[in-house]
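Contents: one structure, followed by commentary.
Bear in mind the structure is a predicted one, so any value in this text is a computation, not a measurement. Residues take their numbers from the sequence shown, with the count starting at 1.
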Amino acid sequence: IGRFKTGPFSFAIQAQAPILPVVIRGAFRVLPKWAWVPGFGEWRSKIELEVLPPIPTVGLTEGDIRTIADQTRTFMRAKFH
């Protein structure tokens, strides 16, 4: 997982809304980064979605954006196996 952009975290902090991380596994086998259409031989591939616990933003400010983005990324990376 690359470094996250800060926009979504800024919106969440401004709204004081929780961040809901979602991990998607296996999508690359169906639609690789370079492909224009899904691979027909890969339709039977398994794609998994895991919704992780919400991360609260109540009390955070714009100065916390990079910190919460990095914490969210670290949390999500730990869920890949």
Side-chain angles (χ1 to χ4, degrees):
I1 299 177
R3 192 168 192 201
F4 290 157
K5 295 188 179 199
T6 58
F9 297 94
S10 177
F11 294 149
I13 287 173
Q14 288 174 21
Q16 295 291 281
I19 296 162
L20 188 62
V22 177
V23 174
I24 303 171
R25 293 183 204 89
F28 185 79
R29 287 189 298 272
V30 175
L31 186 63
K33 192 176 194 176
W34 50 264
W36 288 75
V37 294
F40 294 109
E42 303 298 328
W43 285 108
R44 292 188 184 119
S45 292
K46 184 177 177 183
I47 296 176
E48 297 176 10
L49 297 175
E50 182 179 358
V51 179
L52 304 177
I55 300 170
T57 62
V58 174
L60 297 181
T61 66
E62 293 291 318
D64 298 312
I65 292 173
R66 179 49 43 202
T67 301
I68 196 71
D70 289 342
Q71 288 174 347
T72 303
R73 180 179 175 267
T74 300
F75 181 52
M76 291 175 71
R77 285 190 71 183
K79 296 297 180 173
F80 279 98
H81 42 319

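Pairing each heavy atom of P18 with each of P54, the nearest pair is CB-CB, 3.9 Å. In plain terms, the two heavy atoms of L52 and L20 that are nearest each other are O-CD1, 3.4 Å. Taking both residues in full, the closest heavy atoms of T57 and A17 are given as OG1-O, 2.6 Å, listed atom of the first, atom of the second, then distance. Nearest heavy-atom pair across K5 and R66 is C-NH2, 4.5 Å.
Contact check for Q71 versus F75: no side-chain heavy atoms found under the 4.5 Å cut-off. Contact check for I68 versus I13: side-chain heavy atoms found under the 4.5 Å cut-off. Contact annotation: the side chain of D70 approaches that of R3 to within less than 4.5 Å [non-hydrogen atoms, C-beta and beyond]. Side-chain contact between K46 and R25: absent, with no pair of heavy atoms (C-beta onward) separated by less than 4.5 Å.
Atom CD1 of I65 and atom CZ of F11 lie 10.0 Å apart (nearest 0.5 Å). In this structure, M76 CE and I19 CD1 are separated by 10.5 Å, a value rounded to the nearest 0.5 Å.
In this view, R73 satisfies the salt bridge (Lys or Arg N to Asp or Glu O under 4.0 Å) rule with no residue, not counting sequence neighbours. Shown here are the side chain to side chain donor-acceptor pair (under 3.5 Å) partners of Q16, two or more places apart in sequence or in another chain: there are none.
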**Request:** Report the C-alpha separation of V23 and L49 in whole Å, then their side-chain angles, then the decisive distance to 0.1 Å, and conclude whether the side-chain contact (heavy atoms from CB on, under 4.5 Å) test is met.
**Result:** CA-CA 6 Å; V23 174; L49 297 175; over 6 Å; no
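Hydrophobic clustering (side-chain heavy atoms under 4.5 Å, transitive across Ile, Leu, Val, Met, Phe, Trp, Tyr) keeps L60 apart from V58.
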